[in-house]
Amino acid sequence: MVELLKGIAASDGVAVAKAYLLVQPDLSFKQNTVEDTAAEEKRLDNALAASSAELEKIRDKAAKSLGEEEAQVFDAHLMVLSDPEMIGQIKQHIQDNKVNAESSLKEVTDMYIGMFEAMDDNAYMQERAADIRDVTKRILAHLLGVTLPDPSMIDEEVIVVAHDLTPSDTAQLDKNFVKAFVTDIGGRTSHSAIMARSLEIPAIVGTKEITAKVKEGDVLAVNGIIGETIVNPTDDQAAEYKKAGEAYAAQKAEWEKLKNAETVTADGKHFELAANIGTPKDLEGVHNNGAEAIGLYRTEFLYMDSPDFPTEDDQFEAYKAVLEGMGDKPVVVRTMDIGGDKELPYLTLPHEMNPFLGYRALRISLSELGDDMFRTQLRALLRASVHGNLRIMFPMVATLKEFRAAKKMYEEEKEKLVKEGVKVSDTIQVGIMIEIPAAAVLADKFAKEVDFFSVGTNDLIQYTMAADRMNERVSYLYQPYNPSILRLIKNVIDAAHAEGKWAGMCGEMAGDQTAVPLLMGMGLDEFSMSATSILRTRSLMKRLTTTKMAELADKALKECDTMEEVQALVEEYVK
């Protein structure tokens with residue numbers, strides 16, 4: 001049946017393909033008494049063989065796409081599958097208790113998991129518990145005859161449908177096959193949406209019900225520009241969507257002509273357009289879209305894509321690759337921003353009622369738990385600094401005391417390296433991300449001590465409006481053009497300029513076509529965004545004059561009471 005679903009337009013583009021449900025299947029079962037224990041053992045052997053074949057295939061693909069080291073996690077899973085003692089105990093349980101394989105599998109593996117998890121002073125054994133849990137789920141799926149979704153194994157054109165996509169799920173998507181994705185929850189600034197823009201995959205989030213409305217094999221037509229999805233479109237509807245996709249591709253081709261152009265306004269003012277990246281692999285998109293800098297390198301993906309803490313040398317190589325890849329162009333590297341919805345399987349963080357307001361980012365780095373991790377990252381960055389134009393940025397700074405503590409650790413590690421005879425650049429700028437209202441209000445004090453500001457609007461808006469940016473029920477409060485937000489941003493820009501410092505923005509607002517004219521008028525120096533938004537933004541800026549945009553910003557700040565009034569004013573000025 002044809003059905004139209006609306007959501008939040010998260011990443012531009014149009015696609016038509018069949019659905020791939022990235023939804024965890026029901027693995028519940030009942031304990032049954034069996035007479036033929038040999039048949040149950042045979043069922044177990046078949047499930048083990050199928051799981052092993054599946055993991056071999058996944059391991060080979062991971063080794064090719066991510067590298068041999070990343071694939072080693074699957075070696076551990078294969079070892080669990082071939083452990084004669086554990087498998088022997090499962091079979092013995094089937095024989096002794098005359099129960100089905102599912103029940104015996106769970107009984108024995110739960111015992112192992114509990115035993116290893118209890119060894120809280122042994123990280124290696126706790127990792128084995130996680131391995132057994134993952135492998136058990138796979139065996140159980142084969143026993144029950146259900147399929148476990150695995151986005152890394154997609155090998156045909158599909159549109160991924162999920163309740164939500166984690167950053168690691170999104171990182172596994174191959175854009176050669178994944179033509180779009182649609183989720184139940186999320187907002188335009190959720191991490192999956194941000195990564196979709198980096199991958200240039202159309203995306204719609206916050207539909208509330210896509211997983212309930214779509215079944216495997218359904219065809220979807222997705223328009224990520226307007227946030228609409230049609231389930232099982234008619235031939236005419238599919239043709240209409242394909243036509244919209246061609247029109248968007250033609251528009252992109254026009255923007256492509258500006259790839260090597262300078263970002264200069266109609267009255268000759270230059271603004272720096274930079275790209276946000278997650279890994280060195282993103283450099284291709286940075287260059288393809290004519291970025292003049294990298295305004296945000298999200299280093300947490302180094303940690304999230306690693307089975308253990310990345311070593312100093314691993315990090316050094318990654319930072320060096322990006323710095324060398326950008327030549328003399330600036331590269332702003334954000335130190336590790338773990339916490340909130342970004343977790344590490346090998347770092348146990350306390351359970352919190354509201355992790356976005358809790359122990360995350362710099363708060364971890366400055367704690368006893370994060371001290372070694374933070375110093376290792378600083379050393380790697382300092383060593384890499386001679387290979388390009390490095391700028392270091394601390395995230396989630398609320399107080400001057402926090403900034404001073406982080407800067408002190410930076411200076412200590414720099415001094416140690418110099419004493420060791422390691423070359424370190426003398427031109428590294430050290431700044432902060434402004435994403436907490438307290439820091440935005442106190443920007444004049446921070447400006448005396450930092451080298452630059454970069455406004456992280458995704459969190460700044462969330463914290464100012466007291467509205468979770470991942471919650472579609474309060475998505476109406478995600479208001480980048482609300483006068484309160486604009487006043488905070490203007491305060492930050494003015495404070496930086498008063499001390500001769502520069503102010504940038506690395507939140508999604510920097511590439512928002514309604515916000516750009518306002519930010520130009522306020523005097524923002526650097527705009528950092530998903531690489532795919534750069535050429536469109538350059539095209540817009542070339543049509544505008546700074547004098548008229550300054551007048552627009554002044555009116556918005558002084559005369560507008562609501563976000564809607566600001567939007568109407570921008571439309572009036574930018575025609």
Minimum heavy-atom distance A440-L460, with the two atoms named: CB-CD1, 4.5 Å
Between [X] and [Y], is any side-chain donor less than 3.5 angstrom from a side-chain acceptor?
{"X": "Q513", "Y": "T537", "value": "yes"}
{"X": "Y20", "Y": "E157", "value": "no"}
{"X": "T457", "Y": "E508", "value": "no"}
{"X": "Y481", "Y": "D512", "value": "yes"}
{"X": "Y410", "Y": "E415", "value": "no"}

Hey, are [X] and [Y] close enough for a salt bridge, meaning a charged N less than 4.0 Å from a carboxylate O?
{"X": "K407", "Y": "E449", "value": "no"}
{"X": "R379", "Y": "D313", "value": "no"}
{"X": "D337", "Y": "R360", "value": "yes"}
{"X": "R375", "Y": "E412", "value": "yes"}
{"X": "K408", "Y": "E411", "value": "no"}

Heavy-atom side-chain proximity of F271 to D525 below 4.5 angstrom: no
Passing candidate, side chain to side chain contact (heavy atoms under 4.5 Å, CB included) with V160, options L22, I201, T183: L22
Under the 3.5 angstrom rule, does the side chain of [X] hit a backbone N or O of [Y] as a donor-acceptor pair?
{"X": "D282", "Y": "G278", "answer": "yes"}
{"X": "D451", "Y": "V430", "answer": "yes"}
{"X": "E402", "Y": "T399", "answer": "yes"}

Counterpart residues, side-chain hydrogen bond (donor to acceptor under 3.5 Å, both in side chains), relative to H270 (two or more places apart): E292
E284 atom CD, neighbour heavy-atom count above 12 within 6.0 Å: no
